[in-house]
Amino acid sequence: MKYDFTAIEQKWHKIWDEKQLYKAETGGDKKKFYALIEFPYPSGAGLHVGHARPYTAMDVIARKHRMQGENVLFPMGYDAFGLPTENYAIKNHIHPAIVTKNNIETFRGQLQALGYSFDWDREINTTDPKYFKWTQWIFLQLYKNGLAYKTKMPVNWCTSCKCVLANEEVVEGVCERCGSPVIRKEQSQWMLRITKYAQRLLDDLDEVDFIDRVKLQQRNWIGRSTGAEVRFETTAGDTVTVFTTRPDTLFGATYMVLSPEHALMEKWMDKLENAAEVKAYQAAAAAKSDMERTELSKEKTGVKLAGVMGINPVNGKKIPIFISDYVLATYGTGAIMAVPAHDERDWDFAKKFGCEIIEVVKGGNVQEAPFTDCATGVMVNSDFLDGMSVEEAKKAIIAYLTEKGIGEAKVNFKLRDWVFSRQRYWGEPIPIVHCPKCGTVPLDEKELPLLLPQVDSYEPTDDGQSPLAKMTDWVNTTCPCCGGPAKRETDTMPQWAGSSWYYLRYMDPHNDDALASKEALEYWSPVDWYNGGMEHTTLHLLYSRFWHKFLYDIGVVPTKEPYAKRTSHGMILGEGGIKMSKSRGNVINPTDVIAEYGADTMRTYIIFIGDFEKAASWATNAVKGCKRFLDKVWNLAETVTDHETAYSAKNEAILHKTIKKVSSDIDTLKGNTALAALMTLCNELTDNGCNAAELKTLLQLLSPFAPHICDEIWELHGFEGICSVSSWPTYDEAKCKDSEIDMAVQVNGKLRGTIHVAADLDNDSVVAAATADEKVSAFLARLGGSIVKTIVVKNKLVNLIVK
RNA sequence: GCCGGUGUGAUGGAAUUGGUAGACGUAGUGGACUCAAAAUCCACCGGUAGCGAUACCGUGCCGGUUCGAGCCCGGCCACCGGCACCA
């Protein structure tokens with residue numbers, strides 16, 4: 001019989017579905033295992049091979065855990081709010097909800113064709129009102145707890161999307177999504193106070209099993225730095241507070257710099273002798289886009305304030321004050337003390353503007369270059385700090401500042417609050433009402449979900465208002481508080497909202513009374529293993545950790561962290577290592593691969609392609625290799641006619657070894673080497689002959705990777721049950737060893753021969769066998785000298801040292 | 001600039017974490033089967049020299065530690081990713 005993959009795969013999809021083979025039950029005695037992958041955005045282009053890599057890898061893990069007798073939750077859904085759908089809807093005059101529905105159907109079909117063992121009863125969709133009811137509910141809780149607030153602030157504005165972006169969505173000064181320039185714009189925005197959780201988001205990374213590069217990237221993004229805030233008096237009578245990580249260098253502070261947007265500038269404007277020049281500089285800085293600001297970063301610019309001086313609090317010296325855009329309004333206090341002798345930026349600025357450079361840490365020539373080494377320097381020119389190390393001086397100065405009331409220790413974070421509003425249609429409406437009498441009023445929870453209005457046009461306005469603002473019927477409402485006329489908030493939530501808690505909904509997706517029942521949350525939390533892309537590390541992953549911690553604080557979820565373990569996959573590139581893109585025409589569609597080679601081949605190849613964590617390029621030729629392998633398994637099965645229940649002596653060792661290898665490789669995401677071991681096993685069984693017991697084990701080990709063909713062969717041979725849910729084979733460590741082995745023989749560290757000996761042979765016998773070997777003894781004779789030392793590595797090699 | 005990562009045959013990649021470098025798969029070469037092709041099967045497949053046994057060289061480059069280094073240490077080079085005036 002021929003291996004007819006299309007018929008086999010369709011047959012088993014039906015059986016799996018009918019028998020509800022992959023259904024997860026909340027509760028019970030079995031150990032639970034919650035495997036999660038990032039749900040896709042259902043774009044019009046359909047599923048991409050890039051999706052297939054992490055999805056297949058996690059399906060393999062889920063299937064193995066299921067075979068090990070665990071209660072596995074492996075769910076799937078769609079993160080369906082977002083701009084591409086909205087833009088498509090605008091262009092083609094179709095409602096985004098219809099576009100979304102169609103796209104989801106395509107995605108579901110493709111995912112099912114790949115044979116993933118999802119529990120389809122738990123499928124979710126973030127645009128479903130039953131789902132976003134709870135997204136809005138969480139927002140209301142954030143609001144009630146003071147973590148959501150509206151403020152006028154300079155925001156990142158994408159000129160093409162006509163929409164506000166979060167800091168995390170701006171990449172190198174351009175919009176992450178469309179690549180258009182991002183400018184600064186003053187606008188009133190909803191914000192989430194993620195900064196309140198900065199320390200906990202940082203600390204709790206120690207408690208989770210995330211791969212190092214994810215932890216590192218989150219740590220850098222949170223960007224904790226310790227130092228001090230110091231208050232400088234000025235001749236204008238106002239106090240300027242600065243943040244510094246080097247309070248030890250305070251005696252070397254020879255000028256100050258304020259950001260152009262600093263609040264005091266307005267107040268001081270009348271007193272300044274060069275007000276016109278200062279205003280011109282502020283205007284120029286404001287007009288710069290983020291891109292221009294970074295591009296111009298090398299050459300420092302600024303203006304010295306004429307008429308106001310700062311006073312160094314430790315020595316009373318009058319020092320000049322500048323404004324410059326190298327000082328950021330949004331970090332620290334928006335003002336710095338400048339110590340040109342020991343800071344590169346300050347040094348550059350001081351050289352250009354002729355400021356004084358005073359050495360306070362000995363170790364370099366500060367007139368030539370800034371000296372920034374904290375480890376070796378000794379304090380000088382610093383009064384009571386002289387002679388101390390940098391570390392000692394930091395402690396001493398902070399104690400001094402605190403005592404005198406002019407400063408104190410301070411921790412700062414790079415992490416900014418999360419800009420949470422978007423001026424677009426296709427997102428969750430923010431459940432807030434603005435009342436002229438009562439101000440900002442949250443919607444009553446009973447009013448949820450607050451649905452989007454049906455509109456004719458979803459186009460954003462040029463003045464930065466949401467398309468919803470035009471829908472007066474919807475906007476005009478009554479105040480939940482006083483009953484008077486009021487207006488609805490017209491901004492919607494960003495795409496990150498729905499994905500910040502979706503893993504909780506999977507635990508109990510049909511619940512209308514809560515985002516999930518207490519029982520389900522207790523049973524399934526936390527996610528045991530979450531795999532996703534590195535690009536979500538500082539966005540989705542951080543945002544959802546924040547929401548989870550908040551939900552923990554208000555008693556909704558039982559764990560501090562949402563995900564116990566996080567891994568990440570490399571990208572799939574096109575043939576030849578180039579990025580896959582529509583414009584290059586090198587996009588591989590999984591559906592085409594399935595049609596030509598079958599889902600099992602597709603799955604096997606995407607795992608075999610290489611190191612899971614690294615980028616890998618698609619090679620259609622190598623796909624054929626995986627098809628050949630499955631053909632070989634099919635052909636091997638056809639040779640098996642017995643009903644043997646024990647392994648043959650000849651194949652016993654390799655079977656035990658392969659079970660061991662495949663088991664541990666799946667657990668460590670090394671599917672590529674697991675498959676290599678299975679190929680080797682298949683080749684051996686083909687050469688040695690294969691009985692029913694041996695075939696059974698091969699099928700079970702291969703089943704997580706290629707479930708359809710294994711279930712089919714399993715059934716054809718009349719094995720009991722269904723292979724996909726049979727029990728994972730076990731191995732005996734003692735039987736993993738061969739009785740006779742090859743050992744390497746080295747002379748002075750170089751390979752000179754191999755010997756075939758009994759395993760676990762004692763050292764003396766090994767040396768005897770080595771010296772007796774024909775090649776080795778001939779070499780030793782030629783070399784002359786005598787053996788002065790022997791090193792034996794058990795069952796591996798023997799090294800003879802000859803002098 | 002700072003922080004991480006990577007560098008192995010023609011090619012994707014292995015290497016039990018200091019112990020026979022190149023598993024497994026592609027591609028290639030030769031052969032079998034075939035009228036022929038596809039498919040399949042067998043053999044070879046890092047480089048140089050040699051009919052050969054074999055010898056020497058070989059994991060980005062230079063040096064070190066070790067009986068022994070792809071793996072550890074020091075110094076370079078190249079590429080990839082993240083951050084980027086964060087005081």
Side-chain angles (χ1 to χ4, degrees), chain A residues 171-173 212-214 216-221 223-225 227 242-246 249 257 259 293-294 296-300 324-328 330-339 342-346 348-349 412-416 534-535 537-538 570-571 576-577 604-605 608-611 613-626 628-629 631-632 635 657 660-661 664 670 672-683 686 742-754 775 778-779 788-802:
Chain A
V171 177
E172 287 172 7
D212 288 342
R213 53 195 178 123
V214 168
L216 198 82
Q217 217 167 294
Q218 288 209 346
R219 285 197 182 107
N220 289 342
W221 187 261
R224 183 182 198 268
S225 58
V242 303
F243 173 70
T244 177
T245 55
R246 295 291 306 275
T249 62
V257 189
S259 72
R293 259 178 114 128
T294 39
L296 295 169
S297 67
K298 278 146 212 154
E299 184 70 9
K300 299 262 182 302
S324 170
D325 64 2
Y326 89 89
V327 173
L328 307 173
T330 51
Y331 184 76
T333 61
I336 61 158
M337 64 177 211
V339 185
H342 306 291
D343 182 278
E344 259 179 63
R345 296 152 303 179
D346 296 347
D348 289 346
F349 190 87
N412 253 319
F413 296 92
K414 285 188 203 171
L415 187 69
R416 301 270 72 91
M534 279 308 287
E535 70 276 18
T537 303
T538 53
M571 249 207 305
T604 306
Y605 174 64
F608 192 61
I609 196 165
D611 186 338
E613 292 211 357
K614 290 194 202 131
S617 18
W618 187 269
T620 298
N621 264 327
V623 179
K624 289 181 197 160
C626 291
R628 272 181 212 150
F629 165 56
D631 282 336
K632 275 185 199 169
N635 293 336
K657 270 194 279 190
K660 185 180 177 183
K661 172 106 183 117
S664 71
K670 289 183 178 169
N672 53 336
T673 50
L675 280 166
L678 286 168
M679 289 172 181
T680 306
L681 176 65
C682 176
N683 292 341
T686 304
D742 288 320
M743 282 181 75
V745 182
Q746 295 182 340
V747 179
N748 293 339
K750 281 200 149 190
L751 184 71
R752 296 297 168 186
T754 54
K775 270 197 212 167
F779 185 82
V788 294
K789 193 180 174 187
T790 60
I791 294 151
V792 178
V793 183
K794 201 173 176 186
N795 294 338
K796 288 264 162 64
L797 64 69
V798 50
N799 192 3
L800 310 172
I801 312 305
V802 177

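Chain naming here is simple, since letters A, B, ... match the order of the sequence lines and numbering starts at 1 in each.
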In the 5'-to-3' direction, what one-character label does each nucleotide of nucleotides 18-23 of chain B receive under the scheme B = base within less than 4.0 Å of a protein heavy atom, S = sugar-phosphate only, - = no such atom?
-> -BB--B
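No more than 12 heavy-atom neighbours from other residues, nucleotides or ligands sit within 6.0 angstrom of CD on A:Glu344.
As rounded to whole Å, 20 Å separates atom P of B:C85 from atom CZ of A:Arg246. Note: CG (A:Asn748) to P (B:G68) measures 9 Å, nearest angstrom. Atom C1' of nucleotide B:C24 and atom NZ of A:Lys624 are separated by 19 Å, given to the nearest angstrom. For the pair A:Arg752 CZ and B:G68 C1', the interatomic distance rounds to 13 Å; values are reported in whole Å. When the P atom of B:U16 is taken as reference, atom NZ of A:Lys660 falls 13 Å away, rounded to whole Å. A:Gln218 has its CD atom 17 Å from the P atom of B:G4, to the nearest Å. B:G13 atom P lies 16 Å from atom CG of A:Leu675, rounded to whole Å. For A:Lys632 and B:U40, the NZ to P distance is 9 Å, given to the nearest whole Å.
Sequence order on RNA chain B of the closest nucleotides to A:Gly334 and A:Lys614 puts A:Lys614 first from the 5' end.
At a threshold of 4.0 angstrom between heavy atoms, the contacts of A:Asn683 are confined to the sugar-phosphate backbone, with no base atom among them. Backbone-only contact: A:Ser225 has heavy atoms under 4.0 Å from sugar-phosphate atoms and none from a base. Here A:Ala615 lies in heavy-atom contact (under 4.0 Å) with sugar-phosphate atoms only. Among the protein residues, A:Asp212 comes within range of no part of the nucleic acid, since none of its heavy atoms lies under 4.0 Å from any strand. Within 4.0 Å (heavy atoms only), A:Lys775 reaches sugar-phosphate atoms of the nucleic acid but no base atom. Residue contacts shown for A:Lys661 are absent, as no nucleic acid heavy atom lies under 4.0 Å away. Looking at heavy-atom distances under 4.0 Å, A:Arg219 makes no contact with the nucleic acid at all. At a threshold of 4.0 angstrom between heavy atoms, the contacts of A:Ile336 include nucleobase atoms, whether or not backbone atoms are also involved.
Pair assignment for B:A32: B:U40, on the basis of Watson-Crick or G-U wobble contacts that are both within less than 3.5 Å. In this structure, B:C72 forms a base pair with B:G64, meeting either the Watson-Crick or the G-U wobble geometry with both donor-acceptor distances under 3.5 Å. Applying the Watson-Crick and G-U wobble criteria (two distances, each under 3.5 Å), B:G12 pairs with B:C24. Here B:G1 sits opposite B:C83 as a Watson-Crick or G-U wobble pair (both hydrogen-bonding atom distances under 3.5 Å).
Remark: A:Lys414 engages no residue in a side chain to side chain donor-acceptor pair (under 3.5 Å) (not counting sequence neighbours). By the side-chain contact (heavy atoms from CB on, under 4.5 Å) test, A:Gln746 is found to be paired with A:Leu797, A:Asn799, residues two or more places apart in sequence or in another chain being considered.
Phosphate contact (OP1/OP2 of B:C3, side-chain N/O of A:Arg213, threshold under 4.0 Å): absent. Contact annotation: A:Arg628 reaches the phosphate of B:A27 (side-chain N/O to OP1 or OP2, under 4.0 Å). Side-chain nitrogen and oxygen atoms of A:Tyr331 include at least one within less than 4.0 Å of the OP1 or OP2 phosphate oxygen of B:A87. Applying the 4.0 Å criterion to OP1 and OP2 of B:C57, one finds that A:Lys750 has a side-chain N or O inside that range. Applying the 4.0 Å criterion to OP1 and OP2 of B:C83, one finds that A:Asn220 has every side-chain N and O outside that range.
Which of B:A87, B:G25, B:C83 sits closest to the side chain of A:Trp221 comes down to B:C83. Taking every side-chain heavy atom of A:Asp325 into account, B:C85 is the closest of B:A87, B:C85, B:C56.
For B:U16, the base adopts the anti conformation, since its glycosidic angle falls more than 90 degrees from zero. A glycosidic torsion no more than 90° from 0 defines the syn conformation; B:G81 lies beyond that range and is anti.
In this structure, the side chains of A:Ile791 and A:Val798 stay at 4.5 Å or more apart for every pair of heavy atoms. Within the 4.5 Å cutoff, the side chain of A:Leu678 has heavy atoms near those of the A:Phe629 side chain. Taking the side chain as every heavy atom from C-beta outward, A:Thr249 and A:Met337 approach each other to under 4.5 Å.
Here the SG-CG distance, from A:Cys626 to A:Asp631, works out to 11.5 Å after rounding to the nearest 0.5 Å.
In the interface, the side chain of A:Lys414 is not paired with the base of B:C83 through any donor and acceptor atom under 3.5 Å apart.
Remark: the separation of the C1' atoms in B:G13 and B:G4 is 23 Å, to the nearest Å. Separation of the C1' atoms belonging to B:G22 and B:U11 is 13 Å when rounded to the nearest angstrom. For the P atoms, the distance linking B:G25 with B:C42 amounts to 11 Å, nearest Å. The same atom, P, is picked in B:G81 and in B:G63; the two are 32 Å apart, to the nearest Å. Comparing B:G9 with B:G58, their C1' atoms sit 10 Å apart, to the nearest whole Å. To the nearest whole angstrom, the two C1' atoms, one in B:C72 and one in B:C79, are 24 Å apart. The separation of B:U20 from B:U59, taken at their C1' atoms, amounts to 15 Å, rounded to a whole angstrom.
In this model, no donor atom of one side chain and acceptor atom of the other lie less than 3.5 Å apart for A:Thr620 and A:Tyr605.
The cationic group of A:Lys300 lies under 6.0 Å from the six-membered ring centre of A:Tyr326 and within 45° of the ring axis, placing it in a cation-pi geometry.
Under the 3.5 Å distance criterion, the side-chain polar atoms of A:Arg416 are matched with a main-chain donor or acceptor of A:Thr330. A donor-acceptor distance shorter than 3.5 angstrom exists from the side chain of A:Asp346 to the backbone of A:Val339, with no hydrogens or angles considered.
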